Novice: 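Just dropping this structure here.
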2 protein chains.
Amino acid sequence: MGRIRNFDRDAVLESAVDVFWERGYDGAGMQEICRVTGLNPGSVYAAFGDKHGLFIEALKSYMASMSRETIARLNSNPSGRAGIADYYAALIEAMLDGKRRWGCLVTNSIVEFAMNDPQISEAFQLHLARLETALSGAIERAKQAGELSRDVDAAEAAVFLVCTTQGLNVLAKTRPSRRTLEAITRHAFTAVGFKA
Amino acid sequence: MGRIRNFDRDAVLESAVDVFWERGYDGAGMQEICRVTGLNPGSVYAAFGDKHGLFIEALKSYMASMSRETIARLNSNPSGRAGIADYYAALIEAMLDGKRRWGCLVTNSIVEFAMNDPQISEAFQLHLARLETALSGAIERAKQAGELSRDVDAAEAAVFLVCTTQGLNVLAKTRPSRRTLEAITRHAFTAVGFKA
DNA sequence: TCCATTCTTGAATATGAATTCAAGAAAATT
DNA sequence: AATTTTCTTGAATTCATATTCAAGAATGGA
């Protein structure tokens, strides 16, 4: 059958995600991608076609792992309110200390590509819709539990929270203080209808 | 004295702003910049040094005109509440029809450059601080007028509104509906403490 | 009118990054 | 073990685009 591939495709994608995340699509040179993944150009091109193809796969990998993590956190607690609080608490920590200092790969890419690339554009819409649905679900649970008034429109509130998250993703790049981030999420909570 | 320059520096900057705004820094080719401004490469380089220099000046021109417009709108009405409402109403229109479909040049650039360029980074912080101050002023006026409770923290509320605007700037690129944009600004109003 | 200076022009060049490719190495099948 | 197939390597190439430059044109002063 011939020589077997001796690198792990998923591990390579995870490394590539970091480069695109930190530097952006244009800012990420094949040279650095090769350094970080430990691959040579030839192997990258054989496995992924070209830089654009690598990026699409890296983006999908990022989206999948983020969706998974977000949904898990929102549902980690029977209380919808606590789920949303946990989600934002984790976001803030990552923005202060973790990779979220680089913003969010989806947000960064929406801005960098506008909606010029139909393939990427579709993936964005899907990802944002997924986040929105997960938030909406948590809001509905909060309503059921009496943590929130029955006449809150869950869909609208979810869109608003998605917008807040996008805003945080931008501000994260300006190295904001914990105080600033917490003030923002506190206001978002109020906006949805949760009591302080 | 020699030949006099026969183009208007400010007009050139305004055209350049549009190219950077729509395409981003990397996406804006000198070729297109020359086409749009009507200049030749040589003239651009003589006047602005290089692409980076042109960008910095274009960004400053954008920031100045946006600050001016925003502050004017926020103060266009004696009521702080009405000023903020006008500001968001105008933003929504521009996101549906106008150049804000391309997002905001500041937001786009914050994301594209992260905080790698100190010169640009400083300009960002200043611009965001200006917006924050203007919003905070309107909120204070609303408090004075009894449109808002005295114990609203104007500084925190202003930071929150800046975040919302950044989020809108991102979502604008996904071609959102009027309903979506209005739902978001309605929630932001609530979050600050205005009655529906 | 002529000169000195500065601007304009657009083709030529330089630069940097993506991509290819030919040779070598490893695995599996016979 | 030989053979075939596929992967790996990294230097060479291609390609795109920022930048330069030499020649021409317009202005103000002498």
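Everything quoted here is computed from the prediction, not taken from an experiment. Here is how names work: the chains are called A, B, and so on, in the same order as the sequence lines, proteins then strands, and each is numbered from 1. The analysis underlying the following values was restricted to heavy atoms, covering all of them including side chains, and did not include hydrogens, waters or symmetry mates.
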Novice: Look only at the side chain of Thr174(B) and the backbone of Leu171(B), and say whether a donor-acceptor pair between them is shorter than 3.5 Å.
Specialist: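 Looks like yes, one N/O pair under 3.5 Å.
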Novice: Measuring to OP1 and OP2 of dT20(D), would you say a side-chain N or O of Tyr45(B) lies under 4.0 angstrom away?
Specialist: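 No, no such contact exists.
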Novice: Whole angstroms only, please: what is the CE-C1' distance between Met30(A) and dT20(C)?
Specialist: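 In whole Å, dT20(C) C1' lies 12 Å from Met30(A) CE.
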Novice: Can you check nucleotides 7-11 of chain C for protein contacts, nitrogen or oxygen pairs under 3.5 Å, and list what you find?
Specialist:
| from | atom 1 | to | atom 2 | distance (Å) |
| --- | --- | --- | --- | --- |
| dC7(C) | O2 | Arg3(B) | NH1 | 3.2 |
| dT8(C) | OP1 | Asn6(B) | N | 3.0 |
| dT8(C) | OP1 | Asn6(B) | OD1 | 2.9 |
| dT8(C) | O4' | Arg3(B) | NH1 | 3.4 |
| dT9(C) | OP2 | Asn40(B) | ND2 | 2.7 |
| dT9(C) | O5' | Asn40(B) | ND2 | 2.8 |
| dG10(C) | O6 | Gly42(B) | N | 3.4 |

Novice: Do you see a donor-acceptor pair shorter than 3.5 Å between the side chains of Ser149(B) and Asp151(B)?
Specialist: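 Note: Ser149(B) and Asp151(B) side chains meet the donor-acceptor criterion.
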Novice: Rounded to whole Å, please give me the gap between CZ in Arg23(B) and P in dA16(D).
Specialist: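 Distance, rounded to whole Å: 17 Å.
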Novice: For a quick check of understanding: with a heavy-atom distance under 4.0 Å over all strands, which category does Ala28(A) fall into, base, sugar-phosphate or nothing?
Specialist: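 Touches sugar-phosphate only.
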Novice: Can Arg100(A) and Glu93(A) be said to form a salt bridge (charged side-chain N to carboxylate O under 4.0 Å, His left out), step by step?
Specialist: CA-CA 9 Å; Arg100(A) 283 268 179 166; Glu93(A) 293 312 316; over 6 Å; no
Novice: Expressed in angstrom and rounded to an integer, what is the separation of Asp26(A) atom CG from dA18(D) atom C1'?
Specialist: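 Result: 14 Å.
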Novice: Just to be sure I understand the geometry, which residues of residues 8-20 of chain A put a non-hydrogen atom under 4.0 Å away from DNA chain C?
Specialist: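 Nucleic-acid contacts, sorted: none.
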Novice: Quick one: Leu54(B) CG to dT17(D) P, roughly how many Å, whole number?
Specialist: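 That distance rounds to 17 Å.
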Novice: To the nearest 0.5 Å, what is the distance between OG1 on Thr133(B) and CG on Leu128(B)?
Specialist: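 So the gap between those two atoms works out to 10.5 Å.
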Novice: Hey, is the main chain of Met30(B) close enough, under 3.5 Å, to the side chain of Lys51(B) for a donor-acceptor pair?
Specialist: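 Between the backbone of Met30(B) and the side chain of Lys51(B) there is no qualifying donor-acceptor contact (under 3.5 Å).
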Novice: Atom CZ of Arg35(A) and atom P of dA17(C): how far apart are they, to the nearest Å?
Specialist: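 Rounded to the whole Å, the gap is 13 Å.
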Novice: Between Ser61(A) (side chain) and Glu57(A) (backbone), is there a donor-acceptor pair under 3.5 Å?
Specialist: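 Not at all, since once roles are kept as given, no pair shorter than 3.5 Å links the two residues.
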Novice: With sequence neighbours left out, which residue pairs that include part of residues 29-72 of chain B fulfil the ring pair (Phe, Tyr, Trp, His ring centres under 6.0 Å) condition?
Specialist: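 Residue pairs passing ring pair (Phe, Tyr, Trp, His ring centres under 6.0 Å), neighbours aside: Phe20(B)-Phe55(B), Trp21(B)-Tyr62(B), Tyr25(B)-Phe55(B), Phe55(B)-Phe113(B).
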Novice: Hey, does Asn108(B) have a side-chain heavy atom less than 4.5 Å from the side chain of Lys173(B)?
Specialist: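 Answer yes - side chains close enough.
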